[in-house]
Amino acid sequence: MGQVTIESREFALSNLDKVLWPDDGYTKGELIHYYVQVADYLLPHLRGRPLVLTRFPDGIHRKSFYQKNAPDYLPPWIRTFSWYSEDSQRDIRFIVAEEAATLAWLANQACIEMHPWLSSIESIDNPDFAVIDLDPSPGSRYQDVVDIALVVKELLDNLGLRSYPKTSGSAGLHIYIPVEAVYTYEQVRKFAHVLASMVTEVLPHIATIERAVKKRGHKVYVDYLQNVLGKTLSSVYSVRPRPGAPVSTPLLWDEVSQITPAQFTIKTILSRLRDYGDLFAPVLQDRQNLEPACHKLGLPIF
DNA sequence: GCGGAAG
DNA sequence: CTTCCGCAACGCCCG
DNA sequence: CGGGCG
Ligand SMILES: [Mn+2]
Ligand SMILES: [Mn+2]
């Protein structure tokens with residue numbers, strides 16, 4: 001029942017009319033349709049990267065779970081990557097999405113979010129980007145997030161580094177600084193830490209790197225601690241399990257202050273993609289050298 | 001969403 | 001035969 | 001060293 005063939009991969013889809021977004025009436029079928037439509041833009045950002053998934057079989061308000069280990073019933077044509085986790089002392093078999101059919105199969109599993117690693121299989125210990133994750137607290141305004149993001153950009157400009165913003169899909173923003181895959185996670189994290197500290201010095205009333213939630217108050221958390229092996233951010237074009245079915249969306253720096261993250265959803269993003277193309281395509285090409293910036297900062301890590 | 005364990 | 005349960009846990013920082 | 005965090 002419900003057999004489909006996508007690029008010569010044949011498999012079954014089920015319960016296409018099951019509502020996953022009750023506030024909007026959006027169904028699992030619409031989720032699958034979205035991921036197939038966006039595949040050409042999304043797949044380059046997933047290719048070669050271990051994936052962490054979040055699944056919501058009974059809708060976004062019901063019980064959900066993370067999945068990193070591939071289930072035994074995974075179709076054999078879906079790529080996986082086995083990786084020995086030192087700490088849990090076992091192999092984890094990660095899914096690696098490289099075809100539209102894989103996205104459709106995963107969406108049929110009620111997988112809403114796609115979280116790729118910052119490093120790829122080719123060089124698993126070396127991230128391809130430094131990331132700054134701006135997490136608003138209850139009581140922060142989007143404009144605070146914008147002000148902080150623009151300071152991050154200005155600091156990076158002055159260091160000679162290009163940076164790329166996207167909505168997280170929720171209330172915050174993610175800033176990517178693509179780098180050559182030659183640095184360790186620790187090196188990239190230290191760089192991001194210094195950057196985050198500088199932002200809190202410029203905007204102490206709205207930005208913090210305080211990890212204790214209670215001590216953040218209404219400030220925006222400038223999270224540099226995602227720069228760790230095995231930690232992830234939601235991918236560009238990943239759907240989020242929130243009312244409206246918002247999508248993590250690449251932005252132009254000039255429009256960061258003009259938009260509202262909720263305007264980009266599984267229903268609106270395709271026309272934007274046709275107009276702008278993939279604004280995050282350069283993130284996969286722009287392999288920057290961190291050394292000059294670290295030298296300017298007096299960072300003794302290289 | 002689904003397989004396997006428990007009831 | 002029906003229901004229940006698991007699907008990630010760990011690196012990092014601070015006190 | 002334990003606890004909180006994402
Ligand atoms: Mn975030
Ligand atoms: Mn975060």
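Throughout, protein chains are lettered first and strands after them, A, B, ... in sequence-line order, and every chain is numbered starting at 1. Worth knowing before you read on, the calculation uses all heavy atoms, side chains too, and leaves out hydrogens, waters and symmetry mates.
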Report the distance from atom CZ of Arg93(A) to atom P of dA8(C), rounded to the nearest whole Å. 13 Å
P gap between dG6(D) and dC7(C), integer Å: 23 Å
Quick check for you: among dC12(C), dG15(C), dG6(D), whose closest atom lies nearest to any side-chain atom of Asp135(A)? dG6(D)
Which part of the nucleic acid, if any, lies within contact of Val52(A), taking any heavy atom under 4.0 Å across all strands shown: a base, the sugar-phosphate backbone alone, or nothing? nothing
Look at the rings of Trp117(A) and Phe94(A) and say which category their plane angle falls in: under 30° parallel, 30 to 60° tilted, over 60° perpendicular. perpendicular
Polar pair under 3.5 Å, donor/acceptor by atom type, side chain Arg189(A), base dC12(C): no
In whole angstrom, give the distance that lies between atom OH of Tyr224(A) and atom C1' of dC13(C). 7 Å
For Tyr26(A), is the NZ or CZ atom of Lys267(A) found under 6.0 angstrom from the centre of its six-membered ring and inside 45 degrees of the ring axis? yes
I need the OH-C1' distance between Tyr221(A) and dC12(C), as an integer number of Å. 9 Å
Donor-acceptor pair (no angle test) under 3.5 Å: Arg211(A) side chain, dC13(C) base: yes
Would you mind reading off the distance between Tyr185(A) atom OH and dC10(C) atom C1', rounded to a whole angstrom? 14 Å
Under 6.0 Å from the ring centre and within 45 degrees of the ring axis: does the NZ or CZ of Arg189(A) meet both conditions for the six-membered ring of Tyr185(A)? no
Rounded distance (Å) that lies between atom C1' of dC13(C) and atom CD1 of Ile209(A): 10 Å
Give a yes or no on whether the ring-centroid distance for Trp105(A) and Trp77(A) is below 6.0 angstrom. no
I want to know whether Trp253(A) and Tyr164(A) have ring centres closer than 6.0 Å. no
Is any side-chain heavy atom of Pro136(A) closer than 4.5 Å to a side-chain heavy atom of Arg141(A)? no
Using whole Å, report how far CD of Gln89(A) lies from P of dC10(C). 10 Å
Counting just side-chain N and O atoms, does Arg216(A) come under 4.0 Å of either OP1 or OP2 of dG6(D)? yes
Would you kindly give the CG-to-C1' distance between Leu74(A) and dC7(C), to the nearest whole Å? 14 Å
Would a hydrophobic clustering, with Ile, Leu, Val, Met, Phe, Trp and Tyr connected at side-chain separations under 4.5 Å, put Val228(A) with Val131(A)? no
In residues 225-241 of chain A, which residues come under 4.0 Å of DNA chain D by heavy atom? Gln226(A), Lys231(A)
N/O donor-acceptor pair under 3.5 Å between Lys18(A) side chain and Gly59(A) backbone: no
When the P atoms of dC10(C) and dG1(B) are considered, how many whole Å apart are they? 28 Å
Strictly by modelled atom types, are Glu30(A) and Thr27(A) linked by a side-chain donor-acceptor pair under 3.5 Å? yes
Whole-Å distance between dC5(D) P and Asp133(A) CG? 16 Å
State whether the side chain of Thr167(A) and the backbone N or O of Pro261(A) hold a donor-acceptor pair below 3.5 Å, judged by distance alone. no
What string of B, S and - do you get for nucleotides 1-7 of chain B, 5' to 3', when a contact is any protein heavy atom under 4.0 Å? BSS----
